[in-house]
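Here's the structure we're looking at; comments come further down.
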There are 2 protein chains.
Amino acid sequence: MKRNSRLSAVLHALLHMAERDRPMTSEELATCLHTNPVVVRRTMAGLRETGLVTSVRGHGGGWTLARALEDVSMRDIYAALGEPMLFQMGNVSESPGCLVEQAVNHALDDAFRDAEAMLIARLGEVTLATLADDFKRRFAEHRATLKQLG
Amino acid sequence: MKRNSRLSAVLHALLHMAERDRPMTSEELATCLHTNPVVVRRTMAGLRETGLVTSVRGHGGGWTLARALEDVSMRDIYAALGEPMLFQMGNVSESPGCLVEQAVNHALDDAFRDAEAMLIARLGEVTLATLADDFKRRFAEHRATLKQLG
DNA sequence: TTTTCATGTAATAATAATAGTTACGAATAG
DNA sequence: CTATTCGTAACTATTATTATTACATGAAAA
């Protein structure tokens with residue numbers, strides 16, 4: 001399974017896209033995310049398959065957010081990324097022979113499964129709209145600070 | 001920070017040690033864990049520093065569990081391993097510049113921190129004694145199955 | 001229609017984290 | 001003194017991820 005470091009990158013990208021009224025190119029997004037256009041395309045291609053974004057080729061093309069901010073939760077994005085492994089543990093469920101190992105795996109699996117369920121539920125509670133609001137709040141605060149400093 | 005794949009390996013090792021009345025050599029443990037004696041020594045060295053195990057060099061030496069099974073929780077072992085990162089996310093808390101990123105990181109950090117707290121609490125509830133009991137149960141079951149088959 | 005811009009994608013290289021190996025030193029029992 | 005076993009440094013191998021290169025495809029503009 002794939003890694004998860006992209007969840008935050010994708011959120012970052014989608015929010016930037018939401019702030020603009022025309023498509024963003026892979027190049028622009030790559031600059032934004034401090035990465036490479038091809039990596040952006042690879043990642044966004046997955047999101048396109050689940051209808052989160054659309055892409056247009058050629059002059060004036062790029063990537064566009066396809067759904068309303070309120071309708072996209074962090075969980076949706078996690079799912080669109082293929083529900084990558086959240087934990088740093090190679091699936092413990094190997095070498096079925098040793099009974100000691102079976103007992104260990106069972107206990108660990110239980111704990112990790114519960115934590116994962118909680119985390120995923122939590123991701124479902126936060127939408128892109130939530131994040132956009134938080135961003136706006138930070139932005140207003142930032143401007144207030146600048147003003148205060150002169 | 002280090003990886004977490006060792007938590008299950010260490011539990012496995014400690015339970016095997018608990019079943020024996022003399023030290024286990026790194027070589028024996030390595031066989032048990034399908035790995036290498038040097039890797040075993042490296043890992044166990046960390047546990048020795050927190051008093052979970054002792055080592056004796058030379059003839060008849062090896063590794064011994066230093067505490068009662070009831071007194072060692074999975075959380076203790078997690079701590080002895082240096083509280084390695086549990087999640088597959090490079091700490092999101094970089095590039096403080098972009099306010100969009102700040103909003104994203106804040107939301108993700110919140111969710112992950114809570115899930116981690118829950119998981120760690122859960123690890124604290126399971127001791128080596130719990131696991132040893134579960135192993136014994138499985139062992140009895142296994143013997144019953146064998147008997148039934150002839 | 002030709003040029004330019006942009007995505008689509010395969011193939012390859014670079015990077016980084018982890019695990020495994022080799023080699024040898026130090027301690028201890030017999 | 002010898003065999004055994006941990007302690008550790010240095011090096012190699014493996015694996016996963018990310019980055020890069022190269023080129024094909026499609027679409028708008030000149």
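Worth knowing before you read on, the calculation uses all heavy atoms, side chains too, and leaves out hydrogens, waters and symmetry mates. Just so we're on the same page: letters track the sequence lines, and every chain starts at 1. All values reported here derive from a predicted model rather than from experimental measurement.
Shown here are the side chain to side chain contact (heavy atoms under 4.5 Å, CB included) partners of A/His106, two or more places apart in sequence or in another chain: A/Asp110, B/Asp134, B/Arg138. Partners of A/Val56 under the side chain to side chain contact (heavy atoms under 4.5 Å, CB included) rule, at least two apart in sequence or in another chain, do not exist in this structure. Remark: B/Glu19 engages B/Phe135 in a side chain to side chain contact (heavy atoms under 4.5 Å, CB included) (not counting sequence neighbours). By the side chain to side chain contact (heavy atoms under 4.5 Å, CB included) test, A/Ala79 is found to be paired with A/Glu83, residues two or more places apart in sequence or in another chain being considered.
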Heavy-atom contacts, protein to nucleotides 3-11 of chain D, under 4.0 Å, summarised as B (base), S (sugar-phosphate only) or - (none) per nt, yield -BBBBBBB-

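Across all non-hydrogen atoms, the minimal contact from A/Thr127 to A/Leu69 is CB-O, 3.7 Å.
The list of salt bridge (Lys or Arg N to Asp or Glu O under 4.0 Å) pairs with a residue in residues 49-70 of chain B, not counting sequence neighbours, reads B/Arg67-B/Asp76.
For A/Gln88 and D/dT17, the CD to C1' distance is 13 Å, given to the nearest whole Å. Atom P of nucleotide C/dA17 and atom CE of B/Met85 are separated by 11 Å, given to the nearest angstrom. Atom CG of A/Leu33 and atom P of D/dT18 are 12 Å apart (whole Å). Note: CG (B/Asn36) to P (C/dA23) measures 13 Å, nearest angstrom. For A/Met44 and C/dA6, the CE to C1' distance is 14 Å, given to the nearest whole Å.
Regarding contacts with the backbone of D/dA19, a side-chain N or O of A/Thr35 is found under 4.0 angstrom from either OP1 or OP2.
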